[in-house]
Student: 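Have a look at this one before I ask anything.
Just follow the structure's listing: the first ligand is 1, and inside any ligand the first atom is 1. Numbering starts at 1 and runs along the sequence shown.
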Amino acid sequence: MSVKHFLTLCDLSGDTLKSIVNEAIELKKSLKATSPATTAMQGKVLGMIFEKSSTRTRVSFEAGMAQLGGSAIFLSPADTQLGRGEPVEDTARVLSRMVDLIMVRTFAHQRIETFAAHSQVPVINALTDDYHPCQLLADMQTFTEHRGDIAGKTVAWIGDGNNMCQSYINAAAKFDFELRIACPPGFRPNADLLAANAKRVSIGSDPQHAVSSAHLVVTDTWASMGQEEQKQQREKAFAPFQVNHQLMSLAANDALFMHCLPAYRGLEVSSDLLEDPRYSVVWDEAENRLHSQKALMLYLLNCQT
Ligand code: CP
Ligand code: NVA
């Protein structure tokens with residue numbers, strides 16, 4: 001049987017993604033209700049390669065493995081041979097003989113594809129320059145918990161056409177919602193990806209239009225990891241794209257606000273909106289990284305709870 005990887009949302013069917021989200025909701029309930037630990041992953045080891053920084057992703061994967069009875073190993077370029085130039089192909093072949101599952105956060109998406117092509121065990125994309133599919137599992141879980149099924153709803157993406165935006169494009173197809181993107185010219189997502197999803201996804205440069213009657217409004221940092229030197233130039237281009245109460249007032253009455261975090265208050269989102277529990281579900285969204293990734297790992301390893 002071929003190895004299942006999770007490099008983008010396109011690797012799994014819509015039904016499978018929805019069942020992972022539902023399993024995440026159940027895992028969350030059982031964690032809150034009783035004693036959390038299970039032995040579903042006893043003896044299983046997750047390798048975690050981080051070539052970029054992380055708070056949520058590292059802690060949610062590591063805590064998730066511990067709660068399932070397994071363990072995780074944090075691997076950074078600063079203290080592995082990967083950082084000294086050992087080829088990714090060799091690293092994948094060696095690590096996948098030792099661990100059961102590998103999570104990778106890196107720059108070029110091609111690098112994780114090469115890694116997965118040489119791995120004997122499932123590889124999970126924990127963020128590349130192009131996609132962040134694990135965050136979408138958590139976002140879809142969060143919407144479902146607060147508002148029910150997202151199918152048929154309207155989502156507004158405001159800001160950079162980055163890895164999160166591109167994962168929202170995939171999610172629109174998989175979870176069957178309308179996505180309206182508003183980006184400044186020059187910061188749009190991949191044109192081929194947009195064209196392939198034109199049925200559900202539209203793009204413009206007017207945040208007011210995108211947000212109008214939307215059920216979910218989402219944004220992210222204007223300068224992703226690796227773009228630090230463009231920060232000033234980006235702040236100028238993105239200034240009219242801040243999500244704040246004024247913009248949210250155009251959305252549906254029960255609209256939610258999400259942000260994968262870390263957030264830069266006063267830039268892509270106003271501090272007031274981020275802290276306003278009438279709209280902002282960012283803390284639930286962050287917590288759901290834990291539950292949804294546990295469900296994902298159980299699925300990829302065919303483990304039962
Ligand atoms: N949202 C997210 O992936 O956060 P970290 O960079 O802290 O992992
Ligand atoms: N777009 C952001 C997401 C951080 C979780 C980045 O890539 O830095």
Student: Looking at atom 2 (C) of ligand 1, what's its closest protein heavy atom, distance included?
Tutor: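 Looking only at protein heavy atoms, the one closest to atom 2 (C) of ligand 1 is R289 NH1, 3.3 Å.
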Student: Given P122, which partner from the list L296, D11, D100, L301 fulfils the side-chain contact (heavy atoms from CB on, under 4.5 Å) test?
Tutor: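 For P122, the side-chain contact (heavy atoms from CB on, under 4.5 Å) test succeeds with only one of L296, D11, D100, L301, which is L301.
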Student: Which Ile, Leu, Val, Met, Phe, Trp or Tyr residues join V59 in one cluster when any pair of side-chain heavy atoms under 4.5 Å counts as a link?
Tutor: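 None; V59 is a cluster of one.
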Student: Salt bridge or not for R93 and E89, using N-O below 4.0 Å?
Tutor: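 No, no charged N to carboxylate O under 4.0 Å.
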Student: Indicate the atoms forming the closest heavy-atom contact of V123 with H5, along with that distance.
Tutor: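 Nearest heavy atoms, V123 then H5: N-ND1, 2.9 Å.
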Student: Which atom pairs, nitrogen or oxygen on both sides, join ligand 2 and the protein at under 3.5 angstrom?
Tutor:
unit_1   : atom_1 : unit_2 : atom_2 : d
ligand 2 : 1 (N)  : N162   : ND2    : 3.4
ligand 2 : 1 (N)  : N163   : OD1    : 2.8
ligand 2 : 1 (N)  : D220   : OD2    : 2.6
ligand 2 : 1 (N)  : S224   : OG     : 2.8
ligand 2 : 7 (O)  : N163   : ND2    : 2.8
ligand 2 : 7 (O)  : S224   : OG     : 3.4
ligand 2 : 8 (O)  : M225   : N      : 2.8

Student: Taking E228 first and then K231, would you say they form a salt bridge - that is, a charged N and a carboxylate O separated by under 4.0 Å?
Tutor: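 Here E228 does not pair with K231 in a salt bridge, since their nearest N and O are not under 4.0 Å apart.
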Student: Could you tell me whether ligand 1 has any atom less than 4.0 Å away from a heavy atom of K52?
Tutor: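 So K52 does not count as touching ligand 1.
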Student: For ligand 1, which atoms, with element, lie under 4.0 Å from some heavy atom of T55?
Tutor: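 Answer, ordered by atom number: 5 (P), 7 (O), 8 (O).
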Student: Considering the heavy atoms of C260, write down every atom of ligand 1 situated less than 4.0 Å from one of them.
Tutor: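 Listed by number with element: 1 (N).
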Student: At the 4.0 Å heavy-atom cut-off, does H132 count as touching ligand 1?
Tutor: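 For ligand 1, residue contact (heavy atoms, under 4.0 Å) with H132 is present.
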Student: Kindly determine whether R200 and D176 satisfy salt bridge (Lys or Arg N to Asp or Glu O under 4.0 Å), including the steps that lead there.
Tutor: CA-CA 8 Å; R200 289 190 186 77; D176 194 20; 3.0 Å; yes
Student: Give the minimum heavy-atom separation between C134 and S292, together with the two atoms involved.
Tutor: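 Heavy atoms of C134 and S292 come nearest at O-OG, 4.4 Å.
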Student: Suppose we measure from atom 4 (O) of ligand 1 to each protein heavy atom; which comes out shortest, and what is that distance?
Tutor: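 The closest heavy atom on the protein side is R56 NE, 2.8 Å.
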Student: Ligand 1 versus R58, non-hydrogen atoms closer than 4.0 Å: side chain, backbone, both, neither?
Tutor: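 The answer is neither; R58 stays 4.0 Å or more away.
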Student: Is it true that the side chains of E145 and N288 contain a donor and an acceptor less than 3.5 Å apart?
Tutor: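 Distance-only check passes for E145 and N288.
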Student: Please step through salt bridge (Lys or Arg N to Asp or Glu O under 4.0 Å) for the pair D129 and K52, ending with a clear verdict.
Tutor: CA-CA 10 Å; D129 289 345; K52 290 178 176 175; 2.6 Å; yes
Student: Looking at ligand 1, is there an atom of it that comes within less than 4.0 Å of some heavy atom belonging to L261?
Tutor: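 Contact present.
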Student: What's the shortest distance from atom 6 (O) of ligand 1 to any protein heavy atom, and which residue and atom give it?
Tutor: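 Answer for atom 6 (O) of ligand 1: R105 NH1, 2.8 Å.
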Student: Regarding R58 and the six-membered ring of F74, is the cationic atom NZ or CZ under 6.0 Å from the ring centre and inside 45° of its axis?
Tutor: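 Checked: cation-pi criterion met.
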